[in-house]
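Each ligand, and each atom within it, is numbered from 1 in the order the structure gives. Nothing fancy with the numbering, it's 1 onward along the sequence. Only this structure's heavy atoms are used, side chains among them; waters, hydrogens and symmetry mates stay out.
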Amino acid sequence: EGDVFKYYSEGEWKKSASGKSVAIINPTTRKTQYKVQACTQEEVNKVMEVAKAAQKSWSKTPLWKRAELLHKAAAILKEHKAPIAECLVKEIAKPAKDAVTEVVRSGDLVSYTAEEGVRILGEGKFLVSDSFPGNERTKYCLTSKIPLGVILAIPPFNYPVNLAVSKIAPALIAGNSLVLKPPTQGAVACLHMVHCFHLAGFPKGLISCVTGKGSEIGDFLTMHPGVHCISFTGGDTGVAISKKAGMIPLQMELGGKDACIVLEDADLDLAAGSIVKGGFSYSGQRCTAVKVVLVMESVADTLVEKVNAKVAKLTVGPPEDDCDITPVVSESSANFIEGLVMDAKQKNATFCQQYKREGNLIWPLLLDNVRPDMRIAWEEPFGPVLPVIRINSVEEGIHHCNASNFGLQGCVFTKDINKAILISDAMETGTVQINSAPARGPDHFPFQGIKDSGIGSQGITNSINMMTKVKTTVINLP
Ligand code: G3P
């Protein structure tokens, strides 16, 4: 089995003692594209052990040197954009241009994190005691930010590289070591990205990447006593992890049902453009995709017409041809999406396009006149299918948004900024975008979900802070 990609431990590329591999299925061809090592629990133990040791000296490495290495890794990552993007095309069917964008964005994210880390970790606080009642000025308190230890990073398939480095870079700049468990689809892109960090010359054992079956090493990793923080992006698994994990900080982003509220006074061309981009980019496989449109009845016909005109222009086909709509990540995902579509059909939603599927490729579909009794009104398809619910008042839209168990982002289209701010206040989501589709970036903006959408806040600055602890030293004067 010479063609099985090796995993990364102790600064070296290794074969697993299991002798087993995990197959990565190309979503387009539905054939095995690559294989990765199926690591064992003993191999995870080893990685944890070396991560602990490497972290001790890394935390004593000057901050500017840590930043320098991250800048180097960022540059190497950008140099390797073509082969990494090719993996993304083959493993997760990301359109060719978007795949390159993901790698470049990742390089930028690593560099920005290095700079931000130097800024925010380079300073602490100085407090005096006599501001609290009963105290004289006899105590000086110095604060600094210290690393947590070993960070476990688990990114999802849809941004295997970008959502890995958004965890790796803050962990490293803050003086932590890092264990990465890539998603199966996207594992090879992750390994290649790790290779860029290897080439940059980070100390042995500081970064490790273990591949394998979730059933074999998933719980073992997340419940491992050597882990001091878990940063996870993905689906329901995150809820299970949060219940099993120990008393450690958790950073989680677990999907959404982002609503797009369109008012009567909205710029309907702008709204339609954002709905198509927001709903159908990467075939709807983004946590921040527009997942339900809530439009005022009086403008609904016009909006739907404008959206349909744009949907008709979307290209459908293989990621290699840089088509807008490409096969969804797996057959089970395609089946799940189809289940939602069939449920809507049975309950008489209006199909703006004909439902069409070939293998994992699903043609873009707008469903009008969706009602709350349909599954698609609430569930996250993670595919190119978008429901439209017609509303008769803003309150109705807000109510639908807030009735969801998710609360990642939302957006509102109106020319009345006062109204938009009030609606933003009323929407129970981590972020509300006014007159644009939901999106995580720019990557230094805070990014967070409430309810089942997550724990904690991400974005470069928040992630660095989250991966540190405050340490204080108090000088007691005589
Ligand atoms: O689905 C992952 C989430 O982080 C989305 O990121 O950049 O597509 O808004 P983005």
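For R105, the salt bridge (charged side-chain N to carboxylate O under 4.0 Å, His left out) partners two or more places apart in sequence, or in a different chain, are D443. Partners of E380 by salt bridge (charged side-chain N to carboxylate O under 4.0 Å, His left out), not counting sequence neighbours, listed by chain and number: K291.
Around ligand 1, the residues contributing at least one heavy atom under 4.0 Å from the ligand are R105, N158, Y159, L163, E253, R286, C287, T288, A439, R440, F447.
Nearest heavy atoms, V290 versus P438: CG2-CD, 3.6 Å.
Geometrically, K94 engages Y282 in a cation-pi contact defined by less than 6.0 Å to the ring centre and at most 45° from the axis. Geometric assessment of R440 against the ring of Y159 yields a positive cation-pi assignment under the 6.0 Å and 45° thresholds.
Legend: ring-ring contact (aromatic ring centres under 6.0 Å, His included) pairs involving residues 74-98, not counting sequence neighbours, sorted by first then second residue: H80-H192.
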